[in-house]
Amino acid sequence: MVLEIRDMHIVLASGSPRRKELLQGLGWTFSVVPSNVPEDFPPEMTPEEGAVDVARRKAEDVARNYPDALVIAADTVVVLENRVLGKPQNREEAFSMLSQLAGRQHVVVTAIALCYKNRCLVDAERTKVWFRSLTKEDIESYVALGESFDKAGAYGIQDRGALLVERIEGCFYNVMGLPLFRLSKMLEELGVSLEAQWRAGL
Ligand SMILES: Cc1cn([C@H]2C[C@H](O)[C@@H](COP(=O)(O)OP(=O)(O)OP(=O)(O)O)O2)c(=O)[nH]c1=O
C-alpha cells in the first residue's frame with residue numbers, strides 16, 4: 001500500500017519558527033509539538049553524530065505520544081574546525097561566535113529524524129558556508145539586531161544574516177534548519193509518496 005503524505009497526520013516535533021515556515025511553504029498540513037529533550041551529546045561523538053543523536057531523541061520523544069503520526073524532528077549545528085557552535089546564551093557569546101566565523105568557512109549540519117509506526121530514519125545534510133570579514137563594529141551592530149539568540153552559530157542566513165554570507169556550497173534550506181530535498185528523499189525511503197500532494201499543488 002502506498003502511503004500518501006497528504007493522508008497522513010504529520011507532527012513537526014520542533015519549536016523552530018523556521019522549520020514551521022519551511023514545511024508550510026510545501027503546502028503541508030501538520031501539527032507542531034516541540035520536544036523538550038536536552039540538546040547536549042557525549043564529547044566522544046562527532047558533531048554530525050551528535051546532531052543525529054539529538055534529532056532522533058527529539059523525534060522519539062514526541063512519537064511516544066503520537067504513535068500513528070509521521071513525526072519530523074531536526075537538529076542544526078554550526079561546526080567550525082570540529083567544534084560545535086550552538087545557540088548563544090547572551091550577547092557576549094553571540095559576539096564571540098560571530099568573531100570566530102568571520103572571514104572563514106564553516107559547515108552547517110542539520111540532522112533530520114522521521115518516525116512512523118515504530119520505524120525511525122535519521123540522516124544528516126552538510127552545507128559549507130563562507131563568511132565575509134567582519135569588523136568588531138559590524139559584529140556589534142548585527143548582535144544588536146537581536147537575530148542571534150535562537151539560532152545555531154548566532155546568525156540567520158534567511159534574514160539580515162544574509163549579508164554576512166559570501167557564498168554557500170550545498171542546500172540553503174539546510175542552513176535555515178530543514179533540508180527539504182533531503183526530507184523528500186527520506187520520505188521516499190520510508191515508502192511515503194508526495195505525488196498526490198505534488199499534483200494537487202500544481
Ligand atoms: C545557522 C542558522 C540556524 N538557524 C536556526 C535553525 C534552528 O531553529 C536553530 C538551531 O537550533 P535547533 O536546536 O536545531 O532547533 P530549535 O531549538 O530552534 O528548535 P527545536 O529543537 O524545537 O527543533 O538555528 C537559522 O534559523 N538560520 C541559520 O542561518
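All ligand and atom numbering here is 1-based and tracks the order in the structure.
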Atom pairs and distances, side-chain donor-acceptor, residues 151-159, under 3.5 Å, sequence neighbours left out:
from, atom 1, to, atom 2, distance (Å)
Lys151, NZ, Glu147, O, 2.7
Tyr155, OH, His106, NE2, 2.7

With a cut-off of 3.5 Å and sequence neighbours excluded, list every side-chain donor-acceptor pair involving residues 162-175.
from, atom 1, to, atom 2, distance (Å)
Asn174, OD1, Thr110, OG1, 3.2
Asn174, ND2, Val108, O, 3.2
Asn174, ND2, Glu125, O, 3.1
Asn174, ND2, Thr127, OG1, 2.9

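With salt bridges taken as basic N to acidic carboxylate O contacts below 4.0 Å, none links Glu21 and Arg18. Salt bridge status for Asp123 with Arg182: present, with a side-chain N to carboxylate O gap under 4.0 Å. Using a 4.0 Å cut-off between charged nitrogen and carboxylate oxygen, Arg57 and Asp61 do not count as a salt-bridge pair.
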Exercise answer, ligand 1 polar atom pairs (N/O) under 3.5 angstrom:
from, atom 1, to, atom 2, distance (Å)
ligand 1, 8 (O), Ser16, OG, 2.9
ligand 1, 8 (O), Arg18, NH2, 3.0
ligand 1, 13 (O), Glu39, OE1, 2.9
ligand 1, 13 (O), Glu39, OE2, 2.9
ligand 1, 13 (O), Asp75, OD1, 3.4
ligand 1, 13 (O), Lys87, NZ, 3.1
ligand 1, 14 (O), Arg19, NH2, 2.8
ligand 1, 14 (O), Thr76, N, 2.8
ligand 1, 15 (O), Arg19, NH1, 3.0
ligand 1, 17 (O), Lys87, NZ, 2.3
ligand 1, 21 (O), Glu39, OE2, 3.0
ligand 1, 21 (O), Lys58, NZ, 2.6
ligand 1, 22 (O), Gly15, N, 2.7
ligand 1, 23 (O), Ser14, OG, 2.6
ligand 1, 23 (O), Arg19, NH1, 2.7
ligand 1, 24 (O), Ala152, N, 3.1
ligand 1, 26 (O), Arg18, NE, 3.2
ligand 1, 26 (O), Gln158, NE2, 2.8
ligand 1, 27 (N), Gln158, OE1, 2.9
ligand 1, 29 (O), Tyr155, O, 3.4
ligand 1, 29 (O), Ile157, N, 2.8

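With sequence neighbours excluded, the residues that form a side-chain hydrogen bond (donor to acceptor under 3.5 Å, both in side chains) with Lys58 are Glu39, Asp75.
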